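Right, one structure below, let's go through it.
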Protein chains: 2
Amino acid sequence: MTTPGRGLHGRVLDTLGPAITAGEYPPGSVLRTDELAQRFEVSRSVMREAVRVLESMHLVESRRRVGVTVRPAAAWNVYDPQVIRWRLAGADRPRQLRSLTVLRSAVEPVAAALAATHATAEQCAAITECAIGMVAHSRGHKLEGYLLHDVAFHRLILTASGNEMFARLGDVVEEVLAGRTHHEVMFDDPDPAAVTLHVQVAEAIREGDATRAEHLTREITEGALKELDILAP
Amino acid sequence: MTTPGRGLHGRVLDTLGPAITAGEYPPGSVLRTDELAQRFEVSRSVMREAVRVLESMHLVESRRRVGVTVRPAAAWNVYDPQVIRWRLAGADRPRQLRSLTVLRSAVEPVAAALAATHATAEQCAAITECAIGMVAHSRGHKLEGYLLHDVAFHRLILTASGNEMFARLGDVVEEVLAGRTHHEVMFDDPDPAAVTLHVQVAEAIREGDATRAEHLTREITEGALKELDILAP
DNA sequence: AGCCCATTAGGTACGACTAATTCAAGCCCT
DNA sequence: AGGGCTTGAATTAGTCGTACCTAATGGGCT
């Protein structure tokens with residue numbers, strides 16, 4: 001995935017970030033740079049750089065004479081891929097997964113509709129290939145192969161929408177899908193109906209049928225939501 | 001808005017960030033920390049902190065023996081409020097505004113539907129108040145007052161949806177709406193039809209009619225898209 | 001109550017040293 | 001002779017530690 005620990009400050013972040021997003025330090029908690037530097041056995045310079053990054057994510061706020069105070073969760077940059085990963089690794093993973101899936105259910109249908117009118121021939125071919133790949137890995141405990149094509153499928157559609165904001169949600173979708181396969185209860189084989197829907201979405205996009213692509217994609221995301229309801233009502 | 005220049009490194013970012021997002025340094029461009037420190041007349045420590053922040057936004061990548069290389073736009077954290085502000089201040093503001101409006105058109109209808117079933121009585125009251133405020137400022141060149149209520153209206157709905165990912169898009173909506181009022185051509189008074197739609201959305205949410213809230217909100221966002229088409233086809 | 005000042009923790013600057021990576025010169029082997 | 005590999009020198013970010021500045025804060029004084 002992403003390079004863990006590109007430098008000492010990155011190592012520090014890999015510990016501090018998850019700790020903060022996990023609520024280990026409640027909002028308003030005050031940390032001191034020097035104390036943190038000692039705790040992590042790094043120089044103040046390194047700790048300052050780490051704090052700066054946390055600050056840019058709005059996880060903390062640095063004020064003179066006070067220290068580094070933890071900000072309430074409502075202020076966090078929850079779209080930062082790093083923050084998303086930290087939170088998905090934490091305790092409220094289910095809630096996080098649900099939020100992200102709801103976001104998917106809002107974005108992906110619209111993205112699919114746009115893809116139906118904007119996708120190039122190459123993109124259509126790639127999307128179709130992914131759908132075929134999903135079918136090929138839909139039976140016989142080939143979950144890893146299925147996941148790979150599933151992620152690529154949704155990422156391609158988001159990209160083909162031509163909207164950069166949508167395109168950048170590819171990472172989010174990947175996290176959600178990977179999480180479902182790896183951490184949550186996943187039925188031995190994917191739902192055949194879902195596989196069919198993916199094939200049909202590919203069809204609709206290829207044919208330039210925006211409305212159909214949108215509705216079919218909505219069915220997929222609603223299925224994902226129902227799946228979550230079953231696991232954690 | 002946000003505090004401009006919380007420290008020297010912030011001052012540097014206020015210049016470097018917009019420059020990079022504006023494409024002033026094409027992808028692959030190499031900057032050197034020391035050179036930048038000299039150019040901005042700050043110490044290396046300060047410049048390093050600034051670079052760390054840019055790195056956390058995926059605007060640049062810092063590698064030994066190479067320098068600080070500018071990453072392609074596709075890698076940028078376009079959901080970072082700071083990045084959004086920088087890009088909106090730059091040359092491709094129209095494209096950016098369009099991307100964000102498309103995002104709104106995907107998210108807000110779903111958020112409104114959720115708000116219809118999740119909003120508390122207090123939230124319903126606040127939303128209604130905003131709609132009333134919009135009506136009150138809809139005639140006679142009261143654009144600032146109108147904007148204020150418009151922003152609050154959409155922000156409240158996003159919050160009332162109960163989904164934190166939606167809630168955090170309040171800043172985005174504010175930027176878009178503020179941009180429309182301040183920088184783009186804005187008709188002297190807002191479209192009466194749009195004002196009515198807002199009132200009706202408030203109604204639907206109050207009555208718990210999710211489907212109606214969703215459809216009405218979709219009309220609002222589609223109107224916003226059409227407005228953009230007129231300005232920049 | 002209001003003002004003043006000592007305290008405190010972050011902010012900035014500088015200098016020295018480390019480490020990784022690139023590039024190229026030089027070598028060996030084919 | 002040419003191509004690929006090794007080695008080393010140059011370069012730039014990374015880390016550390018120190019010294020000093022600045023501004024909030026809280027308590028004590030008037």
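All figures in this text were calculated on a predicted structure; none of them were measured in a lab. These values consider heavy atoms only, across backbone and side chains, with no hydrogens, waters or symmetry-generated copies. Letters A, B, ... mirror the listed sequences (proteins, then strands); counts begin at 1.
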| query | Under 4.0 Å: is that the gap between some side-chain N or O of A:Ser43 and OP1 or OP2 of D:dC16? | reply |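 Looking at the OP1 and OP2 atoms of D:dC16, one of them is under 4.0 Å from a side-chain N or O of A:Ser43.
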| field | OP1 or OP2 of C:dG10 under 4.0 Å from side-chain N/O of A:Thr33 | value |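 Yes, A:Thr33 has a side-chain N/O under 4.0 Å of OP1/OP2 on C:dG10.
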Rounded off to whole Å, could you give me the [atom1]-to-[atom2] distance for the [X] and [N] pair?
{"X": "A:Glu35", "N": "C:dT8", "atom1": "CD", "atom2": "P", "result": "15 Å"}
{"X": "B:Glu49", "N": "D:dT15", "atom1": "CD", "atom2": "C1'", "result": "14 Å"}
{"X": "A:Glu41", "N": "D:dT15", "atom1": "CD", "atom2": "P", "result": "15 Å"}
{"X": "B:Arg11", "N": "C:dT12", "atom1": "CZ", "atom2": "C1'", "result": "12 Å"}
{"X": "B:Leu13", "N": "C:dG11", "atom1": "CG", "atom2": "P", "result": "14 Å"}
{"X": "A:Glu61", "N": "C:dG11", "atom1": "CD", "atom2": "P", "result": "11 Å"}
{"X": "A:Arg65", "N": "C:dC5", "atom1": "CZ", "atom2": "P", "result": "17 Å"}
{"X": "A:Leu54", "N": "C:dG10", "atom1": "CG", "atom2": "C1'", "result": "15 Å"}

| query | Taking atom CD of B:Glu35 as the centre, does the number of heavy atoms from other residues, nucleotides or ligands within less than 6.0 Å exceed 12? | reply |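 It does: B:Glu35 CD has more than 12 such atoms within range.
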| Between B:Arg52 and B:Glu49, is there a salt bridge with N-O shorter than 4.0 Å? |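 No salt bridge links B:Glu49 with B:Arg52.
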Closest to the [X] side chain, choosing from [options]:
{"X": "A:Val46", "options": "C:dG10, C:dT22, D:dC16", "answer": "D:dC16"}
{"X": "A:Leu8", "options": "D:dA13, C:dT21, D:dC16", "answer": "D:dC16"}
{"X": "A:Val42", "options": "D:dA13, C:dG10, D:dC16", "answer": "D:dC16"}
{"X": "B:Arg32", "options": "D:dA13, C:dG10, D:dA24", "answer": "D:dA13"}
{"X": "B:Arg48", "options": "C:dG10, C:dA13, D:dG14", "answer": "D:dG14"}
{"X": "A:Arg44", "options": "C:dT22, C:dA9, D:dA19", "answer": "D:dA19"}

| For A:Val51 against A:Ser62, the heavy-atom pair lying closest together |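 Closest pair (atom of A:Val51, atom of A:Ser62, distance): CG1-CB, 4.5 Å.
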| message | Please find the pair of heavy atoms, one from A:Ile157 and one from A:Ala115, that lie closest to each other, and give the distance. | response |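 Closest approach of A:Ile157 to A:Ala115, heavy atoms only: O-CB, 3.9 Å.
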| said: Please verify the inter-ring angle class for B:Tyr79 with A:Tyr79; under 30° counts as parallel, over 60° as perpendicular, anything in between as tilted. | reply: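 B:Tyr79 and A:Tyr79: parallel rings.
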| query | When the nearest nucleotide of DNA chain D is assigned to A:His9 and to A:Arg64 on a heavy-atom basis, which residue is associated with the more 5' position? | reply |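 Final value for this comparison: A:His9.
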| said: Here's a test of your reading of the structure: between B:Val66 and B:Ser45, which maps to the more 5' nucleotide of DNA chain D? | reply: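 By nearest-heavy-atom nucleotide position, the 5'-most residue is B:Val66.
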